[in-house]
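Here the structure is laid out as structure tokens; the discussion comes afterwards.
Chain letters run A, B, ... following the sequence lines, proteins first, then strands; residues in each count from 1.
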Protein chains: 2
Amino acid sequence: MTTSIKDVARLAGVSVATVSRALGDGPVSPALRAKVEAAIAQSGYRPNLSARRLRSQHTQTIGLIVSDIRNPFFTAVSRAVEDVAYRAGMRVILCNTDENPDKEAMYLRLMQEERVSGVIFAATRATADSLDAAALGFPVVLIDRAGAAASCDAVLLDNRRAAAQLVEHLLAAGYRRIGGLFGNTSSTGAERHAGFVEAMQRAGLPAPARFVAPSAAAAQTSVAAWLAEADAPEALIASNGLLLLGAAKAVRAAGFAVPERLALAGFDNDSWTELTEPGVTVIEQPVDDIGREAMEMLLERLRQPERPPRKVVLAGRLVARGSSLPRGSINAAGRSGG
Amino acid sequence: MTTSIKDVARLAGVSVATVSRALGDGPVSPALRAKVEAAIAQSGYRPNLSARRLRSQHTQTIGLIVSDIRNPFFTAVSRAVEDVAYRAGMRVILCNTDENPDKEAMYLRLMQEERVSGVIFAATRATADSLDAAALGFPVVLIDRAGAAASCDAVLLDNRRAAAQLVEHLLAAGYRRIGGLFGNTSSTGAERHAGFVEAMQRAGLPAPARFVAPSAAAAQTSVAAWLAEADAPEALIASNGLLLLGAAKAVRAAGFAVPERLALAGFDNDSWTELTEPGVTVIEQPVDDIGREAMEMLLERLRQPERPPRKVVLAGRLVARGSSLPRGSINAAGRSGG
DNA sequence: CTGAAAGCGCTTACAG
DNA sequence: CTGAAAGCGCTTACAG
């Protein structure tokens with residue numbers, strides 16, 4: 001039914017080996033190559049990638065396993081990964097785990113069945129800590145969250161430093177009762193929490209924190225309840241873009257003036273943080289760099305399987321906006337943001 | 001090196017055919033099935049999907065070709081598509097075309113080489129109009145943008161109606177000099193423009209429109225220039241979430257009060273539209289429904305190849321917010337949105 | 001440079 | 001229910 005390399009060979013009057021060579025960059029005389037190309041054009045032949053993969057044992061495929069592509073951080077990272085991958089002639093299989101370890105296990109298994117060349121993986125803490133890369137049969141580059149086992153390549157943000165940076169920014173602006181909101185399934189949340197606690201302790205302050213499921217809805221519910229309590233904080237930091245979004249919605253619904261009644265800051269420079277009034281102070285992650293770096297690291301690993309594992313740690317960039325204006329200067333400076 | 005069905009057969013003391021049957025739901029006696037399962041567990045065997053695809057001629061793979069996964073509309077649609085696909089045992093290959101017809105052609109070709117079961121495709125106008133689904137060799141479900149040729153299944157928004165709805169809402173609110181911003185590569189832009197023009201004409205008004213490349217940056221530049229002109233509109237509608245985002249940034253940068261100096265409305269209920277002050281009036285698209293419906297339509301088509309093509313047209317929902325408050329009531333009603 | 005042949009790891013009639 | 005055999009569409013030593 002669909003034409004195969006055999007049909008092309010017959011049409012061109014050559015062997016299938018010659019067609020195969022002409023398709024790649026094998027040694028073929030110009031005369032035969034021309035014949036093959038004519039036969040391909042005439043027949044509308046398209047190589048069958050399943051056959052090629054089976055025979056060559058190179059799938060030219062990688063897996064990209066993230067928690068949810070709708071999280072703008074992963075959206076951006078995915079796009080960067082795919083751009084680099086396609087340019088290197090590799091296909092990407094995208095999987096959403098919803099931070100569910102069962103789904104993570106299922107997709108890792110699928111990756112084995114696909115015989116992928118490698119996987120870029122934003123794992124939950126539980127999975128990252130127990131990951132046995134050697135048993136998997138393909139190299140893994142962890143992104144966003146590191147594993148306890150240092151056996152994998154990884155591209156990470158300096159999460160402790162970034163969280164501390166946010167705290168220091170708020171402290172410098174005069175806020176003291178600073179609360180933290182963190183995801184409860186990723187090691188990212190744990191690290192950012194650690195940075196938060198350290199910075200608060202250095203200032204001799206308590207570090208009230210809440211941990212929630214990694215969704216805007218869960219964050220909104222949690223923050224709404226928190227703001228209604230007697231000891232509601234005067235500033236809040238949220239550990240990722242989804243949580244920050246939920247927090248912003250709760251703050252808005254509660255009618256709290258920002259930053260007069262509650263200062264707000266968090267992770268991920270998602271487009272909306274620039275458009276609220278006031279804008280929201282954030283740590284911007286180099287999302288394109290993270291995706292590109294992860295894919296390049298994986299390609300490098302495929303070239304040199306024995307190379308010792310590397311961790312690339314990238315710095316976040318503080319984007320100060322109106323939501324964290326210095327307490328004293330609020331009336332003087334207005335809400336023009338930063 | 002990696003264990004194959006042959007190793008499992010040897011280990012279990014059965015034929016490869018029996019292993020293959022035990023893997024699927026073929027007829028195998030309980031005794032042999034138990035032996036096979038033990039051998040699989042012992043050997044850590046994983047079926048090779050490339051081999052299975054080649055032999056069975058069923059790839060269980062679909063293509064999802066969109067312009068840019070970073071557009072929240074496509075992000076949401078992709079996630080819905082993937083959920084349905086994985087549940088149906090199918091893999092998804094995601095491709096970003098950046099509305100570039102060359103990339104579209106390249107990816108369609110790749111889909112042929114992958115021997116995909118079918119493709120869900122948000123095509124540019126140029127490609128949608130010239131698409132020859134029969135020649136492709138797999139069924140196509142168009143999303144977001146219809147082709148001139150009615151030979152494909154499609155899941156669409158009633159774009160003309162939705163655009164007209166936005167215009168009627170602004171007219172009812174007392175705005176007259178309404179400008180429209182549209183994408184210049186998609187048929188969606190063209191249809192929404194048509195709905196915009198029709199509704200303005202019914203009101204006896206001119207319909208000033210600008211067409212831009214489908215990115216927030218292009219929209220921002222265009223709107224910034226427009227707002228600086230003498231005949232700047234008093235209300236603006238933007239044809240998709242990216243353009244609306246760019247428009248909102250330009251409006252903010254120009255320091256125009258919304259809606260007093262410029263009312264704003266557009267497509268896609270992206271999270272930020274709820275968080276600006278005032279909130280932005282939008283047409284919400286049923287993104288989950290679109291993705292799910294498209295995937296289900298494709299599965300249906302695979303079951304019944306000869307069924308006549310269907311178009312599913314979904315309605316948008318107007319979400320009225322403060323950015324389009326009635327002109328007269330602005331002072332009375334404040335900016336509480338709607 | 002070229003062709004004949006083996007084989008990647010499966011599934012699926014075909015016999016029994 | 002079970003096995004031996006053919007073959008999906010390629011690539012790649014092996015000879016020449």
Nearest-angstrom distance from the residue atom NE2 of B:His58 to P of C:dC10: 18 Å
Hey, can you pull the donor-acceptor pairs under 3.5 Å for the side chains in residues 302-310 of chain B, sequence neighbours left out?
{"from": "B:Arg303", "atom 1": "NH1", "to": "B:Glu300", "atom 2": "OE1", "distance (Å)": "2.5"}
{"from": "B:Gln304", "atom 1": "NE2", "to": "B:Glu300", "atom 2": "OE2", "distance (Å)": "2.8"}

Rounded to whole angstrom units, what separation is found between the CG atom of B:Leu49 and the P atom of C:dC10? 9 Å
Residue list, side chain to side chain contact (heavy atoms under 4.5 Å, CB included) with A:Lys35, at least two apart or on another chain: A:Ala12, A:Leu32
Say you pick atom P in C:dT12 and the same atom in C:dG16; how far apart are they, in whole Å? 22 Å
Not counting sequence neighbours, which residues clear ring pair (Phe, Tyr, Trp, His ring centres under 6.0 Å) with A:Tyr86? List them please. B:Tyr107
Under a 3.5 Å cut-off on both pairing distances, which runs of 3 or more consecutive Watson-Crick or G-U pairs involve DNA chain C? C:1-3 with D:14-16, C:5-12 with D:5-12, C:14-16 with D:1-3
Sequence neighbours excluded, which residues qualify as salt bridge (Lys or Arg N to Asp or Glu O under 4.0 Å) partners of A:Glu99? A:Arg145
Are A:Arg46 and B:Glu114 close enough that some pair of their side-chain heavy atoms sits under 4.5 Å apart? no
Residues 135-143 of chain B, side-chain donor-acceptor partners within the protein, below 3.5 Å, at least two apart:
none

It should be established whether B:Ser20 places a side-chain nitrogen or oxygen under 4.0 Å from OP1 or OP2 of nucleotide C:dT12. no
Taken to the nearest whole Å, NZ/A:Lys35 to C1'/C:dT2 is 12 Å
Taking only residues two or more places apart in sequence, or in another chain, which ones meet B:Arg21 in a side-chain hydrogen bond (donor to acceptor under 3.5 Å, both in side chains)? none
In the 5'-to-3' direction, what one-character label does each nucleotide of nucleotides 3-9 of chain C receive under the scheme B = base within less than 4.0 Å of a protein heavy atom, S = sugar-phosphate only, - = no such atom? BB-BBBB
Could you state the CZ-C1' distance from B:Arg33 to D:dT2, rounded to the nearest angstrom? 13 Å
Residues in side chain to side chain contact (heavy atoms under 4.5 Å, CB included) contact with B:Arg70, at least two apart in sequence or another chain: A:Thr75, A:Arg79, A:Asp288, B:Asp68
